Structure formats: structure tokens, C-alpha cells
Protein chains: 2
Amino acid sequence: MSDLPAQPSSEMPKDGEDFCCDLPHDHSADSTQRLQQPPLSSEKAQRMAEFLGFLADPNRLRILSILAKQEMCVGDLATAVDMNESAVSHQLRTLRTIRLVSSRKQGRHVFYRLQDDHVFAFYQAVVEHLDEPDT
Amino acid sequence: MSDLPAQPSSEMPKDGEDFCCDLPHDHSADSTQRLQQPPLSSEKAQRMAEFLGFLADPNRLRILSILAKQEMCVGDLATAVDMNESAVSHQLRTLRTIRLVSSRKQGRHVFYRLQDDHVFAFYQAVVEHLDEPDT
DNA sequence: CCAATACATGAATCACTGTTCATATATTAA
DNA sequence: TTAATATATGAACAGTGATTCATGTATTGG
């Protein structure tokens, strides 16, 4: 009974319950074992989603792709990605808040760069992973 | 002049232009070279952002984390992630649309699983990358 | 056939997020 | 100091997206 493709937790609810998984049968140890130990804690899923959400913006990605190659000041970034300087500044603030980039002030300019190598590595990994697949 | 930390494209606009990068000086070949070749094409950035956006949801991540270990039917998934069955169904539709999961019908049940190994590999990569860092 | 179960789906709602606009701060030049 | 440049930031607006509710479809049992 453990080599079947998969079984819904239960087929026939006995009580007035809505969910099918409420009576003891093959649930003893196997099929629900991996179900019982929470798959991905809600908090962790939350943090992962947040982080991914920060990457899930075309303009932020383009900004990061530039900073992955060189540091650059806000105005030039705005020109490079063809965005409003204000919009870029907002995005940079976001990226700064989550420690993806750091800044260095020089005169009237503020130069941004990737915070550390881990960010670069992760960015590269994402790019490479998403380069080949389907679309 | 090419070993300096970084230079804004231009310091003093001569025309009435708004952007600083509009006159020829050291722009000949070096500093704007990497700027000229678009860093990440808008379309590619768009697609990357879309894909990452699909991953950037706690509930979808938890669903994927379960399906990364075993296939499961909708009702059980709903129980496992403590969500409305309808909500799960909606999310699964999304995941199905972008080919992250596939489904198999068996009687009244529909079992979902990760579409292919690449999806699993990418999911794992993300999890691992986001496991150590800062937070 | 009829009822119940399992899932799907459309519409409405609510929250979030990115951009823009206006404005504020800081730095340099004159 | 005054003007101009470079960036930051708050508020408002618009678009997007996830959940819920109601309902529709398919499958099984009686």
C-alpha cells in the first residue's frame, strides 16, 4: 500500500467534516508523515517570497544587471534603464533596504553597487537558470 | 582615466538638456561601452520578472515544496498548506499555466506534481541560496 | 436519476506595489 | 549667498494579484 502512485488522504468522510483526512486508516506513519512535518514553514516561505518579490521586477533586475558589472550613479542608471530618476531612486532605496546594494557618496553623486558577492552569485544563478528553460 | 572608481557620464551639461550624458569626452569607448550594450534586454528582464513573480508567493512556495517531495491531490494540498480549496485550485491553475506543475486525473481526484526536474532543481537552488544569507 | 464529492472558474474585493509629481536636502559653482 | 545639479522622499494614483464567495462541471455511489 506504500508503492501506489498516490492516495488522497481519505475517500469517504464518516463525520460531518468537510475534509477527507479525518479518520485513521493508512495514515499511521507513511503517507502523511511528510505531510505532518510542515513542508516549508510559513515564516520561511514568507521570507523567501519577500526576497523573490524584490527580484521580481523588470526594472530592478535591469538595475541589478548593470550593477553586477560596474558601479554607477543614480542619474546614469536612470539613463541606462530609461527610467525616471525618481523611480530609480525609489527602487534603489528598496534594494538598499534589503541589503542588495550599497552606496557611496562622491560629491553630488551617489554611486551604487551590489552589496556583496553572494548577491551577485544568486543573481547569476537566476539568470542562468532562467536562460535555457521553456520560453 | 580608466582605472578610476567610476565617473558619472558627465558633470557639466552644456546644452539645455536634462541628462548629463550628452556630450563627447571620455565616452569614446570605455565607460559607456558596457552601458551602450543594453545590460539586460527589457523583454528578458520582463520574462525573468514574471517567472520570479510566480515564485514570489508564500503559498505557492509551500505548495511547490510539497510537490517537490510527492504528488498530491487538491484537497490534501489545501489541508497541508491550510488554505481554501478554491484558493489552492487557483494557485494550481497559475502553476499549471506556466508549466511548473502538471496534473493527473484519477477518479474524482486530480493529482499534481512538479512538471519536470528543472523546476525541482531551480526550486532547490533558490531554497539553498536563501537559506544561509542575511536574515 | 439523484445526491454527494472533488475540483474548476468567474466576479468581486482587498491589499500591495511601482510610478509620477511635487518637494526637500545636499553639494558645487559663480 | 544664490542658482543649479544630484539625489531622496512623501503622497497620490493606477495596475496587479491573491483570496473569497458563489456557482459550474465531472465523477462516483445509491
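Keep in mind the model is a prediction, meaning the values are calculated, not measured. Letters A, B, ... mirror the listed sequences (proteins, then strands); counts begin at 1.
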K.L.:
Between C1' on D:dT5 and CG on A:Asp76, what's the gap in Å once rounded to a whole number?
P.N.:
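After rounding, the gap between these two atoms is 13 Å.
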
K.L.:
According to side-chain contact (heavy atoms from CB on, under 4.5 Å), who are the partners of A:Ala125, at least two apart in sequence or on a separate chain?
P.N.:
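Residues passing side-chain contact (heavy atoms from CB on, under 4.5 Å) with A:Ala125: B:His129.
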
K.L.:
For A:Arg96, enumerate each residue passing the side-chain contact (heavy atoms from CB on, under 4.5 Å) test, keeping only those at least two apart in sequence or located in another chain.
P.N.:
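Checked A:Arg96 against side-chain contact (heavy atoms from CB on, under 4.5 Å); matches are A:Arg93, A:Val101, A:Ser103, A:Tyr112.
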
K.L.:
Given C:dA6, is OP1 or OP2 found less than 4.0 Å from the side-chain N or O atoms of B:Tyr112?
P.N.:
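No, no such contact exists.
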
K.L.:
So which atom in B:Arg62 and which in B:Ala80 form the shortest heavy-atom distance, rounded to 0.1 Å?
P.N.:
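Heavy atoms only, the tightest pair is NH2-O, 4.1 Å.
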
K.L.:
Below 4.0 angstrom from OP1 or OP2 of C:dT27, is there any side-chain N or O of A:His109?
P.N.:
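Answer is no, no contact under 4.0 Å.
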
K.L.:
Just the rounded figure in Å: distance from P of C:dG10 to CD of B:Gln91.
P.N.:
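Spelled out: CD on B:Gln91 to P on C:dG10 is 16 Å.
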
K.L.:
If we check side chain to side chain contact (heavy atoms under 4.5 Å, CB included) with A:Val88, which of these qualifies: A:Thr79, A:Asp76, A:Val74?
P.N.:
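When A:Thr79, A:Asp76, A:Val74 are each tested with A:Val88, the side chain to side chain contact (heavy atoms under 4.5 Å, CB included) holds only for A:Val74.
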
K.L.:
With the sugar-phosphate defined as primed atoms, P, OP1 and OP2, and the base as all remaining atoms, what B/S/- string results for nucleotides 20-30 of chain D, 5' to 3', for protein heavy atoms under 4.0 Å?
P.N.:
BBB---SBS--

K.L.:
With sequence neighbours left out, write down each residue that passes side-chain contact (heavy atoms from CB on, under 4.5 Å) with B:Arg60, or none if nothing qualifies.
P.N.:
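Expected list: B:Asp57, B:Gln91, B:Thr94, B:Leu95.
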
K.L.:
Over how many whole Å does the gap from A:Phe51 atom CZ to C:dT17 atom C1' extend?
P.N.:
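So the CZ-C1' distance, A:Phe51 to C:dT17, works out to 18 Å.
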
K.L.:
For B:Ser86, which residues count as a side-chain contact (heavy atoms from CB on, under 4.5 Å) partner, sequence neighbours excluded?
P.N.:
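B:Ser86 satisfies side-chain contact (heavy atoms from CB on, under 4.5 Å) with B:Asn84, B:His90 only.
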
K.L.:
Starting at CD of A:Glu85 and ending at C1' of D:dA4, how long is that distance when rounded to a whole Å?
P.N.:
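Result: 13 Å.
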
K.L.:
Counting only side-chain nitrogens and oxygens, does A:Arg60 get under 4.0 Å of the OP1 or OP2 atom of C:dG18?
P.N.:
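For C:dG18, OP1 or OP2 has a side-chain N or O of A:Arg60 closer than 4.0 Å.
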
K.L.:
In this structure, how many angstroms lie between the P atom of D:dA8 and the CZ atom of A:Arg104, rounded?
P.N.:
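After rounding, the reported distance stands at 13 Å.
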
K.L.:
How would you label the contact of A:Phe54 with the nucleic acid (heavy atoms, under 4.0 Å): base, sugar-phosphate, or nothing?
P.N.:
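Nothing, no nucleic acid heavy atom in range.
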
K.L.:
Could you state the atom-to-atom distance from CG of A:Asp57 to P of D:dG15 in whole Å?
P.N.:
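After rounding, the gap between these two atoms is 16 Å.
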
K.L.:
Rounded to whole angstrom units, what separation is found between the CG atom of A:Asp82 and the C1' atom of C:dT19?
P.N.:
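These atoms are roughly 13 Å apart.
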
K.L.:
Can you tell me the distance, in whole Å, between the CD atom of A:Glu71 and the P atom of D:dT7?
P.N.:
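Taking atom P of D:dT7 as the reference, CD of A:Glu71 is at 12 Å.
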
K.L.:
Among the candidates D:dG10, D:dT7, C:dA8, find the nucleotide nearest to the side-chain atoms of A:Arg93.
P.N.:
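Between D:dG10, D:dT7, C:dA8, the one nearest the side chain of A:Arg93 would be D:dG10.
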
K.L.:
Given C:dC7, D:dT9, D:dT7, which nucleotide is nearest the side-chain atoms of A:Arg96?
P.N.:
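That would be D:dT9.
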
K.L.:
Does the side chain of B:Arg104 reach to within under 4.5 Å of the side chain of B:Val110, using non-hydrogen atoms?
P.N.:
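No, their side chains stay 4.5 Å or more apart.
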
K.L.:
With a 4.0 Å limit, can you tell me whether B:Asn59 has a side-chain N or O closer than that to the phosphate oxygens OP1/OP2 of D:dT19?
P.N.:
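Yes, B:Asn59 has a side-chain N/O under 4.0 Å of OP1/OP2 on D:dT19.
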
